[in-house]
Amino acid sequence: MAKLKMTWIKEKKAPLFVASGLCLVLAVGLGTGLWLASEKEEEVTYREVQAEYGELTVGLEESGNVTVGTTEQTFDLDLSAYTGSSSEGFSWGQGDGIFQGMGGQSGAGSSGSSSTRNLIIEEVLITEGQEIAQGDALYRITQESMDSIREELCSDVSEAEVTLAKTQTQKQLTELEAKQAYETNVAYGTLADAEYENSVQDLQDAVTEMEEQITELQDELTELNTQLSEYQADLEMEKKVLENGEYVVSTTDMVSDAYGWITAENAREEAAQVVEGLEESMEDTTDTIAEKQKELEALEKSLTGAQRDLELGIIEARAQLEKRNLKYKNAEEIYKVSVELSSFEAKNAQEDYEDAASKLNEFDSYLSDRTIRAENNGVITECPLEAGDVVNTGSSLAVLNDYDEVTVSVSVEEAELANIKEGDAVNVYIASYPDEDFTGTVDSIGESAYNSSTGTAYVEITVKLGGETSKLYEGMTAQVTFITKETETVVYVSNRAVSRENGKSYVKKKEADGSITKQEIITGFSDGVNVEIKEGLSEGDTVLIESKVSDS
């Protein structure tokens with residue numbers, strides 16, 4: 001029978017029952033002679049481990065290499081020239097339309113953006129491959145270019161300040177005008193109906209007055225025509241009297257009948273005078289009728305124009321009434337819009353001023369000692385500028401390793417993709433740091449590629465690492481585990497601590513007094529290294545892992 005030794009990692013002596021067994025073995029061995037001498041000795045050692053509480057996982061493992069990303073530092077200081085904000089204000093007030101220009105304009109900077117503002121590199125303070133920390137100096141700027149741009153930035157602030165003052169004054173004026181417009185709109189709206197009635201009535205009165213004048217003139221013409229007819233009748237009668245008189249005079253002997261002749265002559269002269277007077281009256285009446293007829297024609301034309309004016313006036317008065325009513329109805333809203341527009345202009349001017357002042361302050365802070373400094377830690381991989389180069393907004397200053405973008409790329413068989421998707425958490429093991437825990441997530445899954453030598457399709461998967469990645473280097477080997485099964489937090493121990501007899505599981509448990517007991521347990525899920533303990537152990541319990549070593 002083999003001779004056994006039992007030792008502890010913590011250098012404890014073998015138990016008494018083991019020593020007694022050894023004596024028995026030696027006694028039997030004396031009877032066996034040379035056979036015992038040829039037998040090898042086996043040593044049993046024990047290592048103590050704790051029952052732990054945590055998660056157990058099983059997954060697909062693949063190897064890959066670490067890739068460290070890069071980050072580019074650019075010159076983000078805004079050196080652009082002040083342009084301000086310009087827009088013509090509007091108010092809702094009186095006038096031909098709802099909107100009326102306020103007559104003001106918020107200031108617009110005149111500096112424009114035509115001039116180019118560049119800083120000049122005086123000295124480069126970094127080299128490729130150099131490790132730098134945040135705040136380290138990268139470049140030194142020439143004093144002349146610094147002074148030139150600062151002078152322009154100061155000018156921008158002054159100009160923006162003047163514009164702001166003008167805009168604030170305009171705002172006060174606009175608010176006053178808006179209030180006056182509000183009061184006017186309310187007043188006009190209150191009297192809109194009366195204004196409409198008056199406008200229409202004035203036009204109607206003009207038409208009525210002309211109609212009355214025409215009627216009066218027509219009456220006069222009627223009377224004149226009647227009078228002319230009467231003159232005509234009287235004239236015809238008087239002409240007969242004249243003819244009779246002339247006849248009597250011509251047929252009466254002035255000598256023999258002097259009285260008769262004189263009477264006849266007097267009658268003829270009187271008739272002649274009457275005829276002459278009637279003819280003059282008829283001529284005057286005819287002229288008057290002609291004049292009155294012309295006056296009537298003029299009045300009729302004027303009446304036509306007045307009637308047309310009345311029709312158009314009613315339309316215009318109705319439009320004016322609707323406009324007045326609309327302004328009256330929206331007077332308060334019109335006032336608010338006018339005030340808000342002026343406030344908007346003032347706010348823009350205020351922001352323009354603050355922006356200009358901020359640019360100056362940032363310029364002074366960023367380049368207080370004519371030095372551009374690093375914004376990140378890392379190793380310089382590219383230094384794009386040289387002495388004499390210009391720097392303006394957006395210029396590339398340096399390219400550094402970016403430890404926020406550390407990845408591992410692995411190839412996975414296409415058949416395994418069913419258990420992997422973007423965003424999945426993975427476990428990462430870095431051989432160079434065996435005691436460090438690294439985590440990761442699936443960042444991207446590439447297209448399938450067929451490998452003709454193996455006859456298998458593979459997919460490239462990129463994993464983004466988390467944890468203390470700043471200690472990693474390009475090309476380091478990493479083991480990525482894609483988790484396919486995971487338990488909730490459970491009590492677990494090493495599989496090596498568990499033994500099985502007759503379908504049951506046991507561990508050797510070390511009690512508080514140092515004694516060893518055989519403890520039955522019920523196991524669950526295993527990740528291949530550790531096994532879940534459903535019953536029989538608690539977190540922190542000490543169990544033994546047995547190892548046997550053969551001695552020559």
Side-chain angles (χ1 to χ4, degrees), residues 72-91 101-125 135-177 339-375 384-398:
E72 181 182 21
Q73 181 175 333
T74 58
F75 186 75
D76 295 329
L77 200 62
D78 188 358
L79 303 179
S80 61
Y82 165 74
T83 58
S85 302
S86 64
S87 63
E88 187 166 347
F90 291 92
S91 67
M102 295 189 304
Q105 190 174 15
S106 74
S110 60
S111 61
S113 58
S114 59
S115 61
T116 302
R117 298 180 174 183
N118 296 320
L119 293 169
I120 308 298
I121 298 294
E122 180 178 271
E123 183 181 2
V124 179
L125 305 175
D136 286 352
L138 301 179
Y139 301 95
R140 183 168 290 108
I141 303 300
T142 64
Q143 187 69 53
E144 182 180 1
S145 64
M146 280 271 299
D147 293 343
S148 175
I149 291 181
R150 191 178 191 284
E151 182 179 354
E152 293 186 32
L153 291 174
C154 288
S155 177
D156 288 348
V157 173
S158 298
E159 189 172 351
E161 188 173 15
V162 171
T163 299
L164 174 60
K166 290 180 179 179
T167 307
Q168 289 173 337
T169 301
Q170 181 62 46
K171 177 176 179 292
Q172 295 174 351
L173 177 60
T174 298
E175 290 176 352
L176 177 61
E177 291 176 347
V339 172
E340 287 174 359
L341 283 172
S342 65
S343 297
F344 176 75
E345 294 296 326
K347 179 183 177 184
N348 281 346
Q350 179 68 39
E351 291 176 351
D352 288 341
Y353 169 73
E354 292 174 356
D355 182 55
S358 176
K359 287 180 182 178
L360 177 60
N361 291 336
E362 289 177 3
F363 181 84
D364 289 341
S365 176
Y366 191 91
L367 297 169
S368 58
D369 56 356
R370 294 195 295 124
T371 303
I372 299 176
R373 298 188 176 277
E375 297 174 354
L385 298 177
E386 298 179 355
D389 286 349
V390 298
V391 178
N392 49 33
T393 305
S395 294
S396 177
L397 300 175

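Rounding to the nearest 0.5 Å places CG of Leu164 at 11.0 Å from CG of Asn348. The CD1 atom of Ile372 sits 5.0 Å away from the CG atom of Leu397 when rounded to the nearest 0.5 Å. Taking CG of Leu385 as the start and CD1 of Ile120 as the end, the distance is 11.0 Å to the nearest 0.5 Å. Taking CD of Glu362 as the reference point, atom CG of Asp355 lies at 8.5 Å (rounded to 0.5 Å).
Distance alone, capped at 3.5 Å, places no donor-acceptor pair between the Lys359 side chain and the Leu153 backbone. Looking only at distances, no side-chain donor or acceptor of Thr167 sits under 3.5 Å from a matching main-chain atom of Ala349. Proximity of a side-chain donor or acceptor of Thr393 to a complementary backbone N or O of Leu77 within less than 3.5 Å is detected. Put simply, the side chain of Gln73 gets close to the backbone of Glu375: a donor and an acceptor are under 3.5 Å apart. Of the possible donor and acceptor atoms, one in the side chain of Thr163 sits under 3.5 Å from a partner among the backbone N and O of Glu159.
Counting non-hydrogen atoms of other residues, nucleotides and ligands closer than 6.0 Å to CD of Glu144 gives a total of 12 or fewer.
Across all their heavy atoms, Pro384 and Ser396 have their closest contact at CG-O, 3.3 Å. The heavy-atom pair separating Leu125 from Ala137 by the smallest distance is CD1-CB, 3.5 Å.
By the 4.5 Å heavy-atom criterion applied to side chains, Ile121 and Val391 are counted as neighbours. Using a 4.5 Å heavy-atom threshold, the side chains of Glu345 and Gln170 count as separate. Taking the side chain as every heavy atom from C-beta outward, Gln350 and Gln168 approach each other to under 4.5 Å. Residues Val157 and Tyr353 have side chains in contact (heavy-atom distance under 4.5 Å, counting atoms from C-beta outward).
Shown here are the ring-ring contact (aromatic ring centres under 6.0 Å, His included) partners of Phe75, two or more places apart in sequence or in another chain: Tyr366. In this structure Ser343 satisfies the side chain to side chain contact (heavy atoms under 4.5 Å, CB included) test together with Lys171, Glu175, Val339, sequence neighbours excluded. Ser158 meets the side chain to side chain contact (heavy atoms under 4.5 Å, CB included) test with no other residue; sequence neighbours excluded. Take Asp136 and apply the side chain to side chain contact (heavy atoms under 4.5 Å, CB included) test, not counting sequence neighbours, and it matches Ile132, Ala133. For Asn392, the side chain to side chain contact (heavy atoms under 4.5 Å, CB included) criterion is met by Asn118, Ser395, not counting sequence neighbours. Scanning for salt bridge (charged side-chain N to carboxylate O under 4.0 Å, His left out) contacts around Asp369 gives Arg373, with sequence neighbours left out.
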| task | Take Leu360 and Asp156 through the test side-chain contact (heavy atoms from CB on, under 4.5 Å) and record every step on the way to the result. | result | CA-CA 9 Å; Leu360 177 60; Asp156 288 348; over 6 Å; no
| Should Phe363 and Met146 be marked as a side-chain contact (heavy atoms from CB on, under 4.5 Å) after you check the CA-CA gap, both sets of side-chain angles, and the distance that decides it? | CA-CA 9 Å; Phe363 181 84; Met146 280 271 299; 3.8 Å; yes
